[in-house]
Participant: 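This is the structure I have questions about; it appears just below.
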Amino acid sequence: MERALTHKSRVYQKNAEAPSDNEQLEFLGDAILGFLASEALVARHPDYPEGRLSKMKAHLVSASHLHQVAARFKLGDHLLLGRGEEMSGGREKKALLANALEALIAALYLDAGVEAARHFIVRHILGDDDPLDEGLEGTDYKSSLQEVAQSRKLPQPRYLTIEERGPEHAKTFLVEVRVGREWISRAEGLSKKSAGQRAAQQLLQQLADAGEFSPPSA
């Protein structure tokens, strides 16, 4: 694991003859991540076309997303850097942290096998939410529904998880939202959060169709 956390600047500083930084592990980790992320996406979405799966995979393996995952683990605190990289803020650099995470995936694969790497990627890289799949990225329909209910003097929305099904790595949730007794909607998602967002989106459309409020223009 130490090699996975060793940046090339540390090696150059030591004037080491043999390469012992994390660049080769990064190369291997990138390939492992791509394969296992693709495998998990196909398992979760067997009916999706290739183009949609490719878009989701591109998000998951992007430097921006990997940087967020690395930040949650505070990976920067454990990096072995050269003095120059340390002074220039290397512990917080997006590309450096994303590369180190890929190197760690490779080290996990080499030390513990593909199943350990698969578990890590499914749990921490994919996680429970699929914002690209749900089509809800950047939109908070639950907050919008709450505001509409308040403005129309309706009861506040109540959410209930009706059903959970599927294997642990690819669960589907059915969530119901109610506004009083009259307004009800149910929706599925890959997490309770995304299912609730979709249910709220559908109920907002019901309210709009009934003339309870006017949705914003597209």
Participant: For Q156, look at atom CD and say whether over 12 heavy atoms of other residues, nucleotides or ligands are found less than 6.0 Å away.
Facilitator: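 More than 12 heavy atoms, drawn from other residues, nucleotides or ligands, come within 6.0 Å of this atom.
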
Participant: Looking at every non-hydrogen atom in both residues, tell me the closest pair between L108 and A117 and how far apart they are.
Facilitator: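 It is CD2-CA, 3.9 Å.
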
Participant: What pair of heavy atoms forms the shortest contact from A98 to L66, and how long is it?
Facilitator: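 Scanning both residues, the minimum pair turns out to be CB-CB, 3.8 Å.
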
Participant: Please report the closest heavy-atom contact between A149 and V179, naming both atoms and the distance.
Facilitator: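 Heavy atoms only, the tightest pair is CB-CG1, 4.4 Å.
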
Participant: Run the side-chain contact (heavy atoms from CB on, under 4.5 Å) test on L104 and L25 for me, step by step, so that the C-alpha distance in whole Å, both residues' side-chain angles and the decisive distance to 0.1 Å come before the verdict.
Facilitator: CA-CA 8 Å; L104 276 177; L25 288 177; over 6 Å; no

Participant: Between A116 and A112, what is the shortest heavy-atom contact and its length?
Facilitator: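 Looking at all heavy atoms of both residues, the shortest contact is CB-CB, 3.6 Å.
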
Participant: Not counting sequence neighbours, which residues clear side chain to side chain donor-acceptor pair (under 3.5 Å) with E176? List them please.
Facilitator: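 Side chain to side chain donor-acceptor pair (under 3.5 Å) check on E176 returns R178, R186.
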
Participant: Does S54 have any side chain to side chain donor-acceptor pair (under 3.5 Å) partners at least two apart in sequence or in another chain, and if so, which?
Facilitator: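 Only E50 meet the side chain to side chain donor-acceptor pair (under 3.5 Å) criterion with S54.
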
Participant: Which other residues belong to the hydrophobic cluster containing I184, where Ile, Leu, Val, Met, Phe, Trp and Tyr are joined when side-chain heavy atoms lie under 4.5 Å apart, directly or via other members?
Facilitator: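 Grouped by the 4.5 Å side-chain rule, I184 forms a cluster of one, so the answer is none.
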
Participant: Evaluate the side-chain proximity of R198 to E188: yes if any heavy-atom separation is below 4.5 Å, no if none is.
Facilitator: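 No - every pair of side-chain heavy atoms lies 4.5 Å or more apart.
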
Participant: Are L145 and Y159 side-chain neighbours, meaning at least one heavy-atom pair lies under 4.5 Å?
Facilitator: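 Yes; the side chains approach each other to less than 4.5 Å.
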
Participant: Within this structure, what is the OG-CD distance for the pair S185 and Q206, rounded to the nearest 0.5 Å?
Facilitator: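 If I round to the nearest 0.5 Å, the distance is 5.0 Å.
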
Participant: Under the ring pair (Phe, Tyr, Trp, His ring centres under 6.0 Å) rule, collect the residues that match up with H119, sequence neighbours excluded.
Facilitator: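 Counting only residues at least two positions away or on another chain, H119 forms no ring pair (Phe, Tyr, Trp, His ring centres under 6.0 Å).
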
Participant: Tell me the closest heavy-atom pair linking V175 and K192, and the distance in Å.
Facilitator: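 Heavy-atom minimum between the residues: CG2-O, 3.9 Å.
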
Participant: Determine which pairs satisfy salt bridge (charged side-chain N to carboxylate O under 4.0 Å, His left out) with at least one residue from residues 30-43, sequence neighbours left out, and list them in order.
Facilitator: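 Passing the test, one end in residues 30-43: E39-R118.
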
Participant: Would you call the rings of F73 and H124 parallel, tilted or perpendicular, where under 30° means parallel and over 60° means perpendicular?
Facilitator: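 F73 vs H124 ring planes: perpendicular.
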
Participant: How is the hydrophobic cluster of L160 composed, in terms of its other members, when Ile, Leu, Val, Met, Phe, Trp and Tyr link through side-chain heavy atoms under 4.5 Å apart, directly or indirectly?
Facilitator: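 Answer for L160: I162, L174.
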
Participant: Contact between L60 and L41 at the side-chain level, heavy atoms closer than 4.5 Å - yes or no?
Facilitator: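 Heavy-atom side-chain distance check passes, below 4.5 Å.
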
